[in-house]
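First the structure, in the form of structure tokens, and then the observations on it.
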Amino acid sequence: MIRSELIQKIADENPHLYQRDVERIVNTIFEEIVEAMARGDRVELRGFGAFSVKKRDARVGRNPRTGDAVEVEEKHVPFFKTGKLLRDRLNGK
Amino acid sequence: MSGKTLTRMDLSEAVFREVGLSRNESAQLVESVLAHISDSLASGESVKISSFGTFNVRDKAARVGRNPKTGEEVPILPRRVLTFRPSHLMKERVAQGNKR
């Protein structure tokens with residue numbers, strides 16, 4: 001399923017809403033999650049999962065082509081942990 | 001990092017502010033979005049949200065695990081796990097936003 005298919009499903013279930021409003025609703029939800037993580041916040045959606053930010057320490061990496069050592073700065077990466085209910089559903093429980 | 005935790009309530013509040021539906025309907029819409037994503041994944045179908053990321057369902061084979069405390073061997077049954085791969089845009093925004 002891709003974003004446009006998700007929007008279509010929500011639109012089909014809500015015939016009283018304009019398609020463009022459904023688009024805004026779906027986009028707002030994803031945008032809000034990204035904005036929260038960009039601030040360093042967590043987003044916890046019980047039963048679904050939690051989005052959080054993990055810190056990766058600075059390290060000395062290597063250019064795989066030349067083998068040269070390169071400084072890699074500390075950085076923050078997005079992380080998702082599946083919620084218990086969804087994990088159980090994936091396994092048919 | 002501010003270290004706050006957002007919940008469904010914050011997402012429905014954002015929908016409420018953005019679109020001007022009732023709070024109740026905004027909350028229901030957030031719920032439907034999560035339900036459709038979950039249903040898709042539960043049926044084994046991946047979910048790809050452009051400029052956000054991709055949720056994939058992966059099959060894991062059975063293996064012998066070990067209780068780290070007792071050292072006892074425990075069988076781990078084959079199972080399905082969910083992986084989330086953030087989009088480049090999300091990675092970029094999270095990296096930029098959390099830079100010191």
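Naming: A, B, ... by sequence-line order, numbering from 1 per chain.
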pair [X]-[Y]: side-chain heavy atoms closer than 4.5 Å:
| X | Y | answer |
| --- | --- | --- |
| Val81(B) | Thr82(A) | no |
| Ile33(A) | Leu11(B) | yes |
| Thr83(B) | Phe80(A) | no |
| Val43(A) | Asp10(B) | no |
| Lys48(B) | Glu5(A) | no |

Which bit of [X] comes within less than 4.5 Å of chain A, counting heavy atoms only: side chain, backbone, both or neither?
| X | value |
| --- | --- |
| Glu18(B) | both |
| Ser46(B) | backbone |
| Leu89(B) | neither |
| Arg85(B) | neither |

Quick one: does any side-chain atom of Arg39(A) pair with a main-chain N or O of Gly97(B) as donor and acceptor, under 3.5 Å?
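It does not hold such a pair.
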I'd like to know if the side chain of Asn91(A) reaches the main chain of Arg80(B), judged simply by a donor and an acceptor atom lying under 3.5 Å from each other, with no hydrogens or angles considered.
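It does hold such a pair.
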Would you kindly say whether Gln96(B) and His76(A) are connected by a side-chain donor-acceptor distance under 3.5 Å?
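There is no such pair between these side chains.
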Polar contact flag, side-chain donor to acceptor under 3.5 angstrom, His36(B)-Glu13(A):
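Distance-only check passes for His36(B) and Glu13(A).
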Parallel under 30°, tilted from 30 to 60°, perpendicular over 60°: which one fits the rings of Phe30(A) and Phe52(B)?
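Tilted, since the angle between the ring planes falls between 30° and 60°.
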How long is the span from the [atom1] atom in [X] to the [atom2] atom in [Y], to the nearest 0.5 Å?
| X | Y | atom1 | atom2 | value |
| --- | --- | --- | --- | --- |
| Leu85(A) | Ser38(B) | CG | OG | 8.0 Å |
| Leu82(B) | Arg87(A) | CG | CZ | 10.0 Å |
| Thr7(B) | Arg42(A) | OG1 | CZ | 11.5 Å |

Shared hydrophobic cluster for [X] and [Y] (ILVMFWY, side-chain gaps under 4.5 Å):
| X | Y | answer |
| --- | --- | --- |
| Val34(A) | Val77(A) | no |
| Val19(B) | Leu17(A) | yes |
| Val57(B) | Leu6(A) | yes |
| Leu21(B) | Phe16(B) | no |
| Met1(A) | Ile25(A) | yes |

Any salt bridge between Glu31(A) and Arg93(B), counting N to O under 4.0 Å?
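Between Arg93(B) and Glu31(A) there is a salt bridge, with a charged N closer than 4.0 Å to a carboxylate O.
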Less than 4.5 Å to any heavy atom of chain B: does that hold for the side chain of [X], its backbone, both, or neither?
| X | value |
| --- | --- |
| Ile2(A) | both |
| Ile7(A) | neither |
| Arg56(A) | neither |
| Asn14(A) | side chain |

What are the two closest heavy atoms between [X] and [Y], and how far apart are they?
| X | Y | result |
| --- | --- | --- |
| Met90(B) | Pro78(A) | SD-CB, 3.6 Å |
| Leu45(A) | Arg8(B) | C-NH1, 3.4 Å |
| Ala38(A) | Asn98(B) | O-ND2, 3.7 Å |
| Thr28(A) | Val15(B) | CG2-N, 4.0 Å |
| Asp41(A) | Gly3(B) | OD1-N, 3.5 Å |
| Leu41(B) | Leu90(A) | O-CD2, 3.4 Å |

Most chain A-contacting option - heavy-atom pairs closer than 4.5 Å, from Ser40(B), Ser32(B), Ser50(B)
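Most pairs with chain A among the choices: Ser50(B).
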Tell me, with the steps shown, if Phe84(B) and Phe79(A) meet ring-ring contact (aromatic ring centres under 6.0 Å, His included).
CA-CA 8 Å; Phe84(B) 174 69; Phe79(A) 180 75; 9.5 Å; no
Tell me if the CD atom of Glu73(A) is crowded by more than 12 foreign heavy atoms within 6.0 Å.
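No.
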Heavy-atom count check: over 12 atoms from other residues, nucleotides or ligands less than 6.0 Å from His88(B) NE2?
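Counting neighbours around NE2 of His88(B), 12 or fewer heavy atoms of other residues, nucleotides or ligands fall under 6.0 Å, so no.
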Using the rule given for side chain to side chain contact (heavy atoms under 4.5 Å, CB included), can you reason through Lys91(B) versus Lys75(A), listing the C-alpha separation, both sets of side-chain angles and the distance that settles it, and then say yes or no?
CA-CA 10 Å; Lys91(B) 282 199 226 171; Lys75(A) 66 172 175 186; over 6 Å; no
Between Val47(B) and Arg3(A), is a side chain to side chain contact (heavy atoms under 4.5 Å, CB included) present by the stated rule, with each step listed?
CA-CA 8 Å; Val47(B) 176; Arg3(A) 185 195 287 258; over 6 Å; no
